[in-house]
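See structure below.
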Amino acid sequence: MPLKLKISDEYNTTVLVWQLIEDISHYELALKLSSEDQSLLNTFSPKRKLEWLSTRYLLKLVLKDFGLENYKKDKYGKPFIEGFGGYISISHSHDHAAIIVSDKIVGIDIQKLHENIERISHKFISEREMIYTQNDKKLLHMHINWGAKEAMYKGYGKKELGFIRHMSIEPYIYHAGTTSFRGTVNKNEIIENYNLFTKNLNDYVLVYAIQI
């Protein structure tokens, strides 16, 4: 079954993680594309097509009245659904796609574990945060830190946000199930606090942020 994870919680928030095992035609048929949508898709690479289609397919699973014409982006590129009073965020990595739908401001990130992250960790992990990544789960903690800040970045939604300068995450204790912790965006006069949640799905790390 391609649905890898479904979470519904007290924040009236739904998270879906989907493994992309179907071919592109499955999503095209399910979404009933207009001629304009099909023309747009024809300009994409196969990988981009699958990402575009799968995340919209997942949104339709959660929001039954969702139509492709209602999917928009604001001036900063943050996605929203016209006529829907809540918030959305999407992410994809290799053969996985993830979405979050909520009454609150949210962000989501999914990443496949890879060794190269350690080489660039100094760009997004502060010295204080680095202290609790140095253990036998170092690679996992680095992905959690990246995912947490990427999710908050999407929640903030206005770009020009430094992953070390403007974002921080609090120390946490990793649990095999769901690990929850806190994070903050602090830029100029803006301070945003987030509840963060992470799950390890085999060789993928999922992190989602819900603004407090």
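Because only heavy atoms are used, hydrogens play no part in the values below, and waters and symmetry mates are left out as well, while side chains stay in. Please read these numbers as outputs of a predicted model, since none were measured by experiment.
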query: Does one hydrophobic cluster hold both Ile169 and Tyr174, with members joined at side-chain heavy-atom distances below 4.5 Å?
result: yes
task: Using the test salt bridge (charged side-chain N to carboxylate O under 4.0 Å, His left out), find all partners of Glu192 that sit at least two apart in sequence or belong to another chain.
output: none
message: Can you give me the closest heavy-atom contact between Leu196 and Arg182, atom names plus distance?
response: CD1-C, 3.6 Å
Arg56 and Trp52: CA distance, side-chain angles, deciding distance, side-chain contact (heavy atoms from CB on, under 4.5 Å) verdict: CA-CA 7 Å; Arg56 286 154 179 80; Trp52 192 96; 3.3 Å; yes
- prompt: Is there a side-chain contact between Glu150 and Val207, using heavy atoms and a 4.5 Å cut-off?
  reply: no
- request: Report yes if some heavy atom in the side chain of Val205 is under 4.5 Å from a heavy atom in the side chain of Ile144; otherwise report no.
  value: yes
- prompt: How are the rings of Tyr57 and Tyr27 set to each other: parallel, tilted or perpendicular (split at 30° and 60°)?
  reply: perpendicular
message: Testing the basics here: between Leu50 and Glu22, what is the closest heavy-atom pair and its distance to 0.1 Å?
response: CD1-O, 4.3 Å
- prompt: Is a side-chain donor-acceptor pair under 3.5 Å present for Ser34 with Asp37?
  reply: yes
- prompt: Is there any ring-ring contact (aromatic ring centres under 6.0 Å, His included) pair reaching into residues 60-83, and which pairs are they, with sequence neighbours excluded?
  reply: none
What donor-acceptor contacts under 3.5 angstrom involve side-chain atoms of residues 96-113, with partners at least two apart or in another chain?
residue : atom : partner : partner atom : Å
His96   : NE2  : Lys4    : NZ           : 2.9
Ser102  : OG   : Thr13   : OG1          : 2.7
Ser102  : OG   : Lys104  : N            : 3.0
Asp103  : OD1  : Asn12   : ND2          : 3.3
Asp103  : OD2  : Asn12   : ND2          : 2.6
Asp109  : OD1  : Gln111  : NE2          : 3.4

- request: Check Lys78 against Gly155 and note the closest heavy-atom contact, atom names and distance.
  value: NZ-O, 2.7 Å
- prompt: Can you tell me how far CG of Leu20 sits from NZ of Lys47, rounded to the nearest 0.5 angstrom?
  reply: 10.0 Å
message: Within this structure, what is the OG-CD distance for the pair Ser180 and Glu170, rounded to the nearest 0.5 Å?
response: 13.0 Å
message: Minimum heavy-atom separation for Leu53 and Leu31, please, with both atom names.
response: O-CD1, 3.6 Å
query: Are Glu129 and Lys149 close enough for a salt bridge, meaning some N to O gap below 4.0 Å?
result: yes
query: Do the side chains of Phe197 and Thr179 get nearer than 4.5 Å, heavy atoms only?
result: no
Plane angle bin for His143 and His114 - parallel if under 30°, tilted between 30 and 60°, otherwise perpendicular: perpendicular
message: Can you tell me how far apart CG (Asp203) and CG (Leu140) are? Round to the nearest 0.5 Å.
response: 11.5 Å
- request: Classify the side-chain pair Tyr204/Asp95 by whether it contains a donor and acceptor separated by less than 3.5 Å.
  value: yes
message: Ignoring hydrogens, what is the shortest heavy-atom contact between Ile125 and Met130? Give both atom names and the distance.
response: CG2-N, 3.5 Å
- request: Could you tell me the separation between the CG atom of Leu33 and the CD atom of Gln38, rounded to the nearest 0.5 Å?
  value: 5.5 Å
query: With distance as the sole criterion, is a donor-acceptor pair present between the side chains of Tyr153 and His166 under 3.5 Å?
result: no
- prompt: Does the ring center of Tyr172 lie less than 6.0 Å from the ring center of Phe181?
  reply: yes
